[in-house]
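Written below as structure tokens is the structure these notes are about.
The analysis underlying the following values was restricted to heavy atoms, covering all of them including side chains, and did not include hydrogens, waters or symmetry mates. Since the model is a prediction, treat every value here as computed from it, not as a measurement.
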Amino acid sequence: MRGLLLLPPPLVRRRRLCLGAEVRASSGALWRRLRAGGSSVLPGFLSEEEEARLVGELEPQLRRRRYEEAHWDGAIHKYRETEKSHWSKESNEILQRVRDTAFPPGVPQLSQVHVLDLAKTGYIKPHVDSVKFCGCTIAGLSLLSSSVMRLVSEKNPQDWLDLLLERRSLYILRGPARYEFTHEILKDEESFFDGRKVPRERRISVICRNLPLPSDPS
């Protein structure tokens, strides 16, 4: 996984702390807490060939859909999405590697994989995923484009992280990062990491999730 990069939200002056190539955070203690909870970014998780295989398998299904201007809950703009449960043998092997990396043994998985296609002008607003339909861990592959994911504490907005999600990386959100922080994908014009522009092109994310567990927050 690649390092997580943290940038202060626009127009808010904050002390920036470099914690590695892919992470920037408001404090080292915050990142250590989220990392201890199981969150991480793994750069170079996919090879170019594996990325091409996944995209090639998804394109026919995605092309049949049009880009939507806004999601039903208002969180996602300029997107296409689908759920996919049937994959080629080669793609299944890639997804199994994601699951082996992100989920503890024996944790029941959602059979359908969420596929989200963001246009170059698309973005995801700050939100916390519903705990009604998925459990404590979200693991996402970033295809076609790098991007910046920002996490902000719902209770203490001065606590934040920016994660650099490079093309072909895998990110994992678990525990406190999953339930206590909003996450968003920045617009192209706002897509900076540690002061460096991260150009946003069309981005496909392939997201694996586990089923809600009895002990998950509700």
Mind running side-chain contact (heavy atoms from CB on, under 4.5 Å) on L165 and V198 for me, showing each step along the way? CA-CA 10 Å; L165 307 183; V198 179; over 6 Å; no
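- Tracing side-chain contacts under 4.5 Å through hydrophobic residues (I, L, V, M, F, W, Y), one reaches L144 starting from V113; they form part of the same cluster.
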R200/L118 under side-chain contact (heavy atoms from CB on, under 4.5 Å): CA gap, chis, key distance, verdict: CA-CA 10 Å; R200 262 284 321 285; L118 276 184; 4.0 Å; yes
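- No hydrogens or angles considered: a donor-acceptor pair under 3.5 Å links the side chains of Q96 and D100.
- Ring geometry for H127 versus H183: interplanar angle of 30 to 60°, hence tilted.
- Under the 3.5 Å distance criterion, with hydrogens and angles disregarded, a donor-acceptor pair is assigned to the side chains of S142 and R203.
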Given R53 and E93, is the salt bridge (Lys or Arg N to Asp or Glu O under 4.0 Å) satisfied, shown in steps? CA-CA 11 Å; R53 182 178 301 282; E93 290 174 354; over 6 Å; no
Please walk me through it: do F181 and L173 pass side-chain contact (heavy atoms from CB on, under 4.5 Å)? CA-CA 10 Å; F181 287 71; L173 299 182; over 6 Å; no
Please step through salt bridge (Lys or Arg N to Asp or Glu O under 4.0 Å) for the pair E201 and R167, ending with a clear verdict. CA-CA 10 Å; E201 304 297 334; R167 184 175 178 177; over 6 Å; no
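- Here E69 pairs with K78 in a salt bridge; the nearest charged N to carboxylate O distance falls below 4.0 Å.
- Contact annotation: the side chain of Q61 never approaches that of D117 to less than 4.5 Å [non-hydrogen atoms, C-beta and beyond].
- Note on F103 and I138: separate hydrophobic clusters, where clusters join Ile, Leu, Val, Met, Phe, Trp and Tyr whose side-chain heavy atoms are under 4.5 Å apart, directly or indirectly.
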Walk me through it: do E51 and V206 pass the test side-chain contact (heavy atoms from CB on, under 4.5 Å)? CA-CA 11 Å; E51 178 191 43; V206 176; over 6 Å; no
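- Between E180 and R33 there is a salt bridge, since a side-chain N of the basic residue sits under 4.0 Å from a carboxylate O of the acidic one.
- Counted within 6.0 Å of NZ on K84, heavy atoms from surrounding residues, nucleotides or ligands total more than 12; the atom is thus considered enclosed.
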